[in-house]
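Atoms considered below: every heavy atom in the structure, side chains included; atoms not considered: hydrogens, waters and symmetry mates.
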Amino acid sequence: MSFTRFIITKPDSCTLPCSKFFSEQGKIIDFAFYIASMAVHIDRTTQIAKKTLEFNPLVDKEINYDDYEVDMKSEKAHPVLVKLGSYNIFIRELMLSRGVDNYLAYISELLFLIFKSKPEMLKSNEQITIETILHHSSMDDLLITIAEKKVHELSYQGLKELALYLKSKFGLILFQSQAEILKAIEIIEIRNLIIHNRGVINNIYLKKTKSKNYEIGQKLDLSIETIQDYLNFLANSVQEIDSAAIDKFSLKPETNNLNIEVA
């Protein structure tokens, strides 16, 4: 796995769902790089141990570990790192799919906050059965269910429909341009491929993304730089919509700052 720098900065003031989003995104990124750093550490420790065992006190005066460097280009010196490399695609797919799920969870939780602060926003032609209402012990639980149900329905239909719903219902804009909408659709559809088709290109993906980069049956090939770009893109969207929601619906922001840097 190549080492690319990720810097995650939570806004100085944001809602609780936004704070949870950035905390989770930090864990997603930190997890992947922790595994890579541990592989390097294990290989280096193994080589140091080997050098120690080869030390001959009758010939060598001392072992200078400060000058010892593991040859990063030698596969023999890095069996664990090389083995980890065979899982690069899997790790990147995990990062992307978890990142998208984290984004959709943020939208769901934000809707809950909006519904809670503005219950009148729940008014619609949609019907809720008495059975559904009775299954919830509080209004908060019911609001969460409604928000999750709505986000699930819309995300299943497509991110474009979700963006249109938020704009028409709440006046919130997920993406500022057509190019951003198309990029978001591609990210969501890549996640769907990973979850539902083992990352293998199918007709649904090509139809929804209009991609010319793949053919049916090909395996997704996501670089760590692409993952970084996608996760940053979703994070920027969260910051923009969160700021707009706080102003529009007078939502209570949190002020705890979170800065995570992984290299």
Does anything in residues 175-201 pair up under ring-ring contact (aromatic ring centres under 6.0 Å, His included), and if so which pairs, sequence neighbours excluded?
Phe175-Phe233
Lys27 side chain vs Phe22 backbone, donor-acceptor pair below 3.5 Å
no
Tell me the closest heavy-atom pair linking Leu96 and Ile187, and the distance in Å.
CD1-O, 4.0 Å
Co-membership, hydrophobic cluster, residues Tyr103 and Leu164, 4.5 Å side-chain
no
Which heavy atom in Ile246 sits nearest to a heavy atom in Ser13, and how many Å separate them?
CD1-O, 4.2 Å
Over all atoms of both residues, closest heavy-atom pair of Ser117 and Leu251
OG-CD2, 3.5 Å
Checking Asp242 side chain against Thr15 main chain: does a donor-acceptor pair fall under 3.5 Å?
yes
As a test of understanding, state which of Glu161, Lys167, Lys169 forms a side chain to side chain contact (heavy atoms under 4.5 Å, CB included) with Tyr165.
Lys169
Any side-chain heavy-atom pair from Ile201 and Lys219 closer than 4.5 angstrom?
no
If you look only at pairs with a residue in residues 205-227, which of them pass as a ring-ring contact (aromatic ring centres under 6.0 Å, His included), with sequence neighbours excluded?
none
Please check: side-chain N/O of Asn232 versus main-chain N/O of Gln228, any donor-acceptor pairing under 3.5 Å?
yes
What are the two closest non-hydrogen atoms of Leu174 and Ala163, and how far apart are they?
CD1-CA, 3.8 Å
Closest approach of Phe249 to Phe170 (non-hydrogen atoms, all atoms of both residues)
CZ-O, 3.6 Å
Passes side chain to side chain contact (heavy atoms under 4.5 Å, CB included), Lys208 versus Glu186? Steps please.
CA-CA 8 Å; Lys208 290 189 175 182; Glu186 180 180 13; over 6 Å; no
Heavy atoms of Gly99 and Ile28 approach each other most closely as N-CD1, 3.8 Å
Main-chain N/O of Ser19 paired with Ser23 side-chain donor or acceptor, under 3.5 Å
no
Could you go through the side chain to side chain contact (heavy atoms under 4.5 Å, CB included) check for Leu193 and Glu189 one step at a time?
CA-CA 6 Å; Leu193 272 183; Glu189 291 307 319; 6.0 Å; no
Can Arg191 and Glu93 be counted as an ion pair, charged N to O under 4.0 angstrom?
no
Going by side chain to side chain contact (heavy atoms under 4.5 Å, CB included), name the residues that satisfy it together with Ser168, two or more places apart in sequence or in a different chain.
none
Keeping the roles fixed (side chain from Asn197, backbone from Gly199), state whether a donor-acceptor pair exists under 3.5 Å.
no
Could you go through the salt bridge (charged side-chain N to carboxylate O under 4.0 Å, His left out) check for Asp221 and Arg92 one step at a time?
CA-CA 9 Å; Asp221 184 13; Arg92 293 167 190 171; 5.1 Å; no
Quick one: does any side-chain atom of Asp141 pair with a main-chain N or O of His136 as donor and acceptor, under 3.5 Å?
no
Please step through side chain to side chain contact (heavy atoms under 4.5 Å, CB included) for the pair Tyr230 and Lys183, ending with a clear verdict.
CA-CA 9 Å; Tyr230 286 169; Lys183 184 171 184 176; 4.1 Å; yes
When hydrophobic residues are tied together by side-chain contacts of less than 4.5 Å, even through go-betweens, does Leu166 share a cluster with Ile185?
yes
Taking Gln218 for its side chain and Glu215 for its backbone only, find out whether a donor-acceptor pair lies under 3.5 Å.
yes
According to a hydrophobic-cluster definition based on side-chain heavy atoms being under 4.5 Å apart (Ile, Leu, Val, Met, Phe, Trp, Tyr only), do Ile35 and Ile29 belong together?
yes
Could you go through the side chain to side chain contact (heavy atoms under 4.5 Å, CB included) check for Ile91 and Leu84 one step at a time?
CA-CA 9 Å; Ile91 293 173; Leu84 179 63; 3.6 Å; yes
